[in-house]
Amino acid sequence: MADKITSRNKSYSQWYVDIVIQAKLADYSPVKGCMVIRPNGYALWEKMQEILNRMFKETGHRNAYFPLLIPDSFIKKEAEHVEGFSPELAIVTRAGGDKLDEPLVIRPTSETIIWSMYKKWIQSYRDLPLLINQWANVVRWEKRTRLFLRTTEFLWQEGHTAHETAEQAQEETLKMLFVYQKFAEEYMAIPVIAGEKSESEKFAGAVKTYTIEAMMQDKKALQAGTSHFLGQNFAKAFDVTFQSRKGGLEYVWATSWGVSTRLIGALIMSHSDDKGLVLPPELAPIKVVIVPIYKNDTKTDIMNYADSLYKSLMGKYSVKLDDDDQNKPGWKFSEWELQGVPVRIEIGPRDMEKNQVVLARRDTGEKITVNKQHAAEEVKNLLEDIQNNLFRRAAGFRQENTFNTSGYGEFKEIINAAGGFIQAGWCGSPTCEAGIKKETKATIRALPLAHDGDGKKCIYCGGDAAVTAVFAKAY
RNA sequence: CGGGAUGUAGCCUAGGGGCUAGGGCGCCUGCUUUGGGAGCAGGAGAUCGGAGGUUCGAAUCCUCUCAUCCCGACCA
């Protein structure tokens, strides 16, 4: 078999690049830092959109679309926001052959343009809550890019909501955090830690940022989604007020939340192996592929047999019959494994003779032989089993690589040698956080919800811990 | 922005002053094959990243430049 993919042992980052390129998920573009999402990759994004859209709508949100170009002055209206984003903005200064009077920023996120519109749309508490989501592209000029994980332009969804009270906005923030958690765990089969970000890690312009944080196979952390409680920061910056039930004029309370095509990177780095992509059935654009195996003289019979199986499955799952005559079965096996299809059905003369089929599962490589009449039911069970197995495997891996320690010496040892997540006490001081980052490169990934200090001491300064923090090196 | 690496056909690559730039994969044609990336035969495909220079002669040497990847710094 041709070695198209560098093994994870040899080079994890090259393995990742190889998967993306060889599974035809994406390709490099002529512009530095940008990528083309190819049909295989875009199909994954479409599955994510489909599921998330359903979940967003079930929680009362509606989709809309705001423009790509934002007046430069808008970005500058919220002090922390401008400070956070100004280094990575792409700005249009010429258009239509002339220099523009006011430069236009290509959106790095849409808070400012959206709140400028919300000012027009919100007058009364009767206009609240306003629950809008948009699917869009954004541009952030990053110094260092990686396919899917951090590209100059990327696709995402951004929810922007407006509420009467701080409590309602806070509730919305957490509600959407849990939507993300459910999506990651139940569909992507990726276990995540739901928690709050520390002050230094939060979104520029937010009062509080919440995150779902996942562990990749190299034991590094990946921020997979964020949900922000924006307080009244943007309402004040854009003067968005409403007449309350009591008649007074009050600033609106806000949230925003988003996940991006980075999730595709998370998916790859959670489940895939040295043979290629491994997709959880819930997200696999093709769940089952049928590979017929025939000789010239048996071709017609085998194809008929395969086709009848195909017809019996096609209404139930997205299934593909690979009737391409150009490649041999062995080639097809490898190719579909590379592309991550969860279940492969092999049908050859020996199977037809015994009225059976061979089911091969992508997650373990295991093959089983089942009676053709039971194939549909067996496939259903197998898909469920693969979905569960992938989650269990990832959860087990995370557990094996999550450590508790109260000694800073041990902390440094773990981070440098084994890697992984470390749960430790933190006093809450940015100085301690910065010291740890400088000395170990580990950052606070999340302050898990429902954990106070638990009587711990700060891992760095030894003072009383305000919270339990999860530390790790991160993407 | 620092460090490293690489640019030769769609992809991988050989050649490091000299004659028609060689091979593998892939692609096209035909035949044979088909239970883990098939075989044979024939064929198409290259201004050697770009510019300038040295030379009788440059893919090869020199200078500059552009691009990408990897590592680091930075990063809602």
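Chain identifiers are assigned alphabetically (A, B, ...) following the order of the sequence lines, protein sequences preceding nucleic acid strands; residue numbering begins at 1 within each chain.
Here the separation of B:rG49 from B:rC69, taken at their C1' atoms, is 15 Å to the nearest Å. Across the P atoms, B:rC62 and B:rU6 are found 14 Å apart, a figure rounded to whole Å. For B:rG30 and B:rA67, the P atoms lie 45 Å apart once the distance is rounded to whole Å. Taking atom C1' in both B:rG36 and B:rU29, one finds a spacing of 28 Å when rounded to whole Å. Rounded to whole Å, the separation between the C1' atoms of B:rC11 and B:rC27 comes to 11 Å. Atom C1' of B:rG16 sits at a distance of 13 Å from the matching atom of B:rC48, rounded to the whole Å. A gap of 15 Å separates the C1' atoms of B:rA14 and B:rG7, to the nearest Å. B:rU55 and B:rG17: their C1' atoms are spaced 9 Å apart (whole Å).
With B:rU34, B:rG36, B:rC70 as the candidates, the nucleotide lying closest to the side chain of A:Tyr28 is B:rC70. Closest to the side chain of A:Pro329, out of B:rG36, B:rC70, B:rU34, is B:rU34.
For B:rA5, the paired base is B:rU68 (Watson-Crick or G-U wobble, both distances below 3.5 Å). With both pairing distances under 3.5 Å, B:rU20 is matched to nothing as a Watson-Crick or G-U wobble pair. The nucleotide B:rC40 finds its pairing partner in B:rG30, both defining distances of the Watson-Crick or G-U wobble pair being shorter than 3.5 Å. Across all strands shown, B:rC75 forms no Watson-Crick or G-U wobble pair with both key distances under 3.5 Å. In a base pair of the Watson-Crick type (N1 to N3 plus N6-O4 or O6-N4) or a G-U wobble (N1-O2 and O6-N3), with each distance short of 3.5 Å, B:rG35 is matched with no nucleotide. Pairing of B:rU55, defined by two Watson-Crick or G-U wobble distances under 3.5 Å, is not identified with any nucleotide.
Screening A:Phe66, A:Trp156, A:Trp45 against A:Trp135 for a ring pair (Phe, Tyr, Trp, His ring centres under 6.0 Å) leaves a single residue, A:Trp45. Just one residue in the list A:Tyr408, A:Phe421, A:Phe411 forms a ring pair (Phe, Tyr, Trp, His ring centres under 6.0 Å) with A:Phe471, and that residue is A:Phe411.
In this structure, B:rG16 shows a glycosidic angle within 90 degrees of zero, which is the syn conformation.
Residue contacts shown for A:Lys441 are limited to sugar-phosphate atoms, with no base heavy atom under 4.0 Å away. Looking at heavy-atom distances under 4.0 Å, A:Gln223 makes contact with a base. Among the protein residues, A:Val358 comes within range of the nucleic acid bases, having at least one heavy atom under 4.0 Å from a base atom. In this structure, A:Ser13 reaches the sugar-phosphate backbone alone: every heavy-atom distance under 4.0 Å involves primed, P, OP1 or OP2 atoms, never a base. Among the protein residues, A:Gly84 comes within range of no part of the nucleic acid, since none of its heavy atoms lies under 4.0 Å from any strand. Counting non-hydrogen atoms under 4.0 angstrom, A:Arg107 reaches nothing in the nucleic acid. Contacts of A:Lys299 with the nucleic acid, taken as non-hydrogen atoms under 4.0 Å apart, are absent. A:Pro349 comes within 4.0 angstrom of a nucleotide base, judged by non-hydrogen atoms across all strands. At a threshold of 4.0 angstrom between heavy atoms, the contacts of A:Glu346 include nucleobase atoms, whether or not backbone atoms are also involved. In this structure, A:Glu335 reaches the bases: a heavy-atom distance under 4.0 Å links it to at least one base atom across the strands shown. Looking at heavy-atom distances under 4.0 Å, A:Val138 makes no contact with the nucleic acid at all.
Other residues, nucleotides and ligands contribute more than 12 heavy atoms inside 6.0 Å of the CD atom of A:Gln373.
Here B:rG35 presents its C1' atom at 14 Å from OH of A:Tyr305, a figure rounded to the nearest Å. Atom-to-atom, CE of A:Met35 to P of B:rU68 comes out at 15 Å; the value is rounded to the nearest Å. Across the protein-nucleic acid pair, A:Arg38 atom CZ and B:rC11 atom P stand 12 Å apart, rounded to whole Å. At whole-Å resolution of the value, CG in A:Leu338 and C1' in B:rG36 are 14 Å apart. Taking atom CD of residue A:Gln22 and atom P of nucleotide B:rG37, one finds them 18 Å apart after rounding to whole Å. Computed from coordinates, the A:Ile21 CD1 to B:rU68 P distance equals 14 Å when rounded to whole Å. Look at CD1 on A:Ile5: it is 12 Å from C1' on B:rG37, rounded to the nearest Å. In this structure, A:Arg262 atom CZ and B:rC75 atom P are separated by 14 Å, rounded to whole Å.
Aromatic ring centroids of A:Trp257 and A:Phe56 lie under 6.0 Å apart.
Position along RNA chain B of the nearest nucleotide to A:Ser200 versus A:Thr145 favours A:Thr145 as the more 5'-ward residue. If A:Pro108 and A:Lys32 are placed on RNA chain B by their nearest nucleotide, the residue sitting closer to the 5' end is A:Lys32.
A donor and an acceptor atom, one from each side chain of A:Glu335 and A:Gln339, are located under 3.5 Å apart. For the residue pair A:Thr369 and A:Lys354, no side-chain donor N or O sits within less than 3.5 Å of a side-chain acceptor on the partner.
Side-chain N/O atoms of A:Lys328 include one lying less than 4.0 angstrom from OP1 or OP2 on B:rG35. In this structure, A:Asn296 does not reach the B:rU32 phosphate: none of its side-chain N or O atoms is under 4.0 Å from OP1 or OP2. The phosphate of B:rC74 has neither OP1 nor OP2 within less than 4.0 Å of any side-chain N or O from A:Lys143.
For the atom pair CD1 of A:Ile345 and OH of A:Tyr310, the computed distance is 12.0 Å after rounding to the nearest 0.5 Å.
Using a cutoff of 4.0 Å between basic side-chain nitrogens and carboxylate oxygens, A:Asp325 and A:Lys299 are scored as salt-bridged. Using a cutoff of 4.0 Å between basic side-chain nitrogens and carboxylate oxygens, A:Asp18 and A:Arg8 are not scored as salt-bridged.
At a cut-off of 3.5 angstrom, the base of B:rG35 holds at least one donor-acceptor pair with the side chain of A:Asp351.
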